[in-house]
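Since the structure comes first, as structure tokens, the remarks are kept for the end.
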Amino acid sequence: MNNIHVKLPEGKTAEVSPGLKIQDFMSTLELNGTVIAAKIDGLPVDLDRSLSMDCTLDWIPLNSPEGLSILRHSTAHLMAQAVQSLFPGTQVTIGPTIEDGFYYDFKRDKSFTPEEIGKIEAQMQKLAGLDLKVTREEMPKEEAIKLFHQMGEEYKVAILTDISEETVSLYRQGNWVDLCRGPHVPSTGIIQAFKLTGVAGAYWRGDEKNEMLQRIYGTSFPSQELLREHLHLLEEAKKRDHRRLGRELDLFSFHPIAPASPFLHPKGTIIYNELISHMRQLYLRFGYQEVITPQIFDVNLWRQSGHYDHFKENMFFTHIEDREFGVKPMNCPGHTFIYSAKKRSYRDLPLRLADFGRLHRYEKSGVTAGLTRVRTFSQDDAHIFCAPEQIEAEMTDLLKMFREVYETFQFNKMQVKLSTRPEHFIGSPETWERAENSLAQSLKKSGIDYQVNEGDGAFYGPKIDFVVTDAMRRGWQLGTIQLDFSMPERFDLTYVTAAGSEARPVMIHRAILGSIERFMGILIEHTAGAFPLWLAPVQLKIMTVTDKQKVYAQKVYEDLKTAGWRTELDDRNEKLGYKIREAQVAKVPYALIIGDREMRDQTVSPRRRGGENLRSMSVKDFADILKLEIARKSGELQ
RNA sequence: GCUGGCGUAGCUCAACGGUAGAGCAGCUGAUUUGUAAUCAGCAGGUUGUAGGUUCAAUUCCUAUCGCCAGCUCCA
């Protein structure tokens, strides 16, 4: 038989005899690092795969993203093997790789206790220590169904039934076998550094109508060191958790008396109000008018708007004088009444109404979390009533505004998603198409890259969602722009065109920060609580070195306070280092040190949060620096 | 809502069938201090709530509320 030609990375070609296993071929080469799988013509395969024809061969090293994913998938198998050896009768279902780890869902009547998780980990160590060979075999689907049926693995049978291919692959390690596409590590000994990180219930096929399975989460790394690093990173993220910082910095609290409803403390309220006043400044520039609308409406409003049908289980209701009222979960229906309070002309459009009104949504217990999912909140909400032909111009303005806002908060990476017509929709397909096109058009015109989420739009119109990346490289969906043809219809909104005929306006729902509360939570984690000067609840902390400077410090304090700076005075009889530390821990942007020298020269010595010392200067000079920093609204991220 | 875990002083945690202890924070006093913690003393708790088992419950059991991790949902 003729030899075959194998193209290797870096352009080399090797001639090998057909049937040679990749791993045997590998041993003839000098490879750097650990290769745990390979690619034949771009398709990932196991190392025990035989080379049968001319091909291009690539290596998948353990420390590559693909290699890591294979390692984790194999670790999931190792875990499943451990579970089934320890708890016979437990059925396996699926066990995919996820970001930073993997999970495996099991069918077992009892859930796994922490002690059992420990045992599973130990068993995994043992199985890894045996360095079991992981081998692939293929068989006809029907045969596999029989096999898994015999084994009592009914979930695997269900998965197999849904597979369209006629041949499926199985992986064996020791006496354990699983249905899997692969590839996998060549032997279990490669799996060294792993940890099981959690247990949780999960519905079979992600449907809450299905039975609940027991999910075990875990993660796996090429080395103990990398695993430790990862766990350390998790610890760091915990330190930035806004719930923890919210308490430590005295920003907000929660109480069982009002579940999932934040109490904003004075310092948290400053941030909240600064965020709103920041948006108000933009509204002035972008032509918005702020309105205030009722909190509670007759349920008929919610019937008319369609929210009652779709979301009544998420609304709060109250009954009085034989009328039923619903607490508003959103502002838009209220705004239609301002629109239609008088006869509108095309000259009124676009009409941009902004509302920071408090909203209440009954979020199911179990889904709420800190500030990021609450039952009462407000949004930087606005509705733009415009003529259909104005959509594109409005969009251009909006995109500009969105970008500007996110840049201010140093969310420098922004991902944009355009969601199109869903299965169930209202309005005509033509209107939808026109709307989707104008959204896409404006995005392109503004030079914004976006991805299309087919069929993910709201039932009343297409939308654009904005996802930003924070300092911990986590994505957060913040803003949204939604076109709405339904609400103007339902509330019979009209305007008189230039030609004198009646026409239907379009409504654009939009929020940039989204929920202010949630945005605060995200911002706290993004900045690690070290807010830029303009947002900092306490901007300056004046501290004396000894009691001798008390009077002068008091005067400096009064001056800065009168000038409008949020200032605190620390003239306690404590050592300077102690005071500095407190200010630093409280993440106050500037500490102003006042000792004998400053008193003599009538100056202050500013120290920036983080340790940088500025030269001594007069209060006036310092205030100028502050003003500049405020004007830029900038700040370094920690 | 579902699965599991956890509720002890303001915070972080200890004690574990014999009615609770530390550090930090707080208060008082001493110290007068120059860029991330001076020392000493004092005070602080119906052990989330309600039942039950027991001679005795913070500890064991049940229910309930809340929080946490996921799942489902998110106009």
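- The gap from the P atom of B:U72 to that of B:U12 amounts to 30 Å, rounded to the nearest Å.
- The gap from the P atom of B:C39 to that of B:C24 amounts to 9 Å, rounded to the nearest Å.
- Residue A:Arg243 is classed as a sugar-phosphate contact, given heavy-atom separations below 4.0 Å to backbone atoms only.
- Base engagement by A:Arg607 is indicated by at least one non-hydrogen atom pair under 4.0 Å involving a base atom.
- On the C1' atoms, B:U59 is 12 Å away from B:A20, given to the nearest whole Å.
- The distance from atom NZ of A:Lys579 to atom C1' of B:U38 is 13 Å, rounded to the nearest whole Å.
- Separating the CD atom of A:Glu363 from the P atom of B:C73 is a distance of 13 Å, rounded to the nearest angstrom.
- No side-chain donor-acceptor contact under 3.5 Å links A:Gln482 to the backbone of A:Pro462.
- Comparing B:A37, B:G34, B:A75 against the side chain of A:Arg597 picks out B:G34 as the nearest.
- Side chain of A:Lys107 to backbone of A:Tyr155: no donor-acceptor contact under 3.5 angstrom is found.
- OP1 or OP2 of B:A36 has not a single side-chain nitrogen or oxygen of A:Arg609 nearer than 4.0 Å.
- Listed candidates were B:G66, B:U72, B:A36. Nearest to the side chain of A:Gln584 is B:A36.
- Classified by interplanar angle (parallel below 30°, tilted 30° to 60°, perpendicular above 60°), the ring pair A:His77/A:His73 is perpendicular.
- Among the atoms of the strands shown, only primed sugar atoms or phosphate atoms (P, OP1, OP2) are found under 4.0 Å from some heavy atom of A:Tyr460.
- With P as the reference atom, B:C42 and B:G23 are 12 Å apart, rounded to whole Å.
- A tilted orientation is assigned to the rings of A:Phe252 and A:His242, their planes being inclined by 30° to 60°.
- Relative to the side chain of A:Arg247, the nucleotides B:U12, B:G34, B:A75 differ in distance, and B:U12 lies closest.
- Separating the P atom of B:C13 from that of B:C6 is a span of 14 Å, rounded to the nearest Å.
- For the pairing with A:Thr420, the side chain to side chain donor-acceptor pair (under 3.5 Å) check across A:Glu436, A:Glu454, A:Lys463 returns one residue only, A:Glu454.
- As judged by a 4.0 angstrom heavy-atom cut-off over every strand, A:Gly514 is placed among residues making no nucleic acid contact.
- If you measure from atom CD1 of A:Ile580 to atom C1' of B:G34, you get 8 Å, rounded to the nearest angstrom.
- One C1' atom belongs to B:G10, the other to B:G45, and the distance between them is 12 Å to the nearest Å.
- If you take CG of A:Asp109 and C1' of B:U3, they are 13 Å apart, rounded to a whole angstrom.
- A gap of 11 Å separates the P atoms of B:G5 and B:U62, to the nearest Å.
- B:C73 sits 34 Å from B:C61 when the C1' atoms are compared, rounded to a whole Å.
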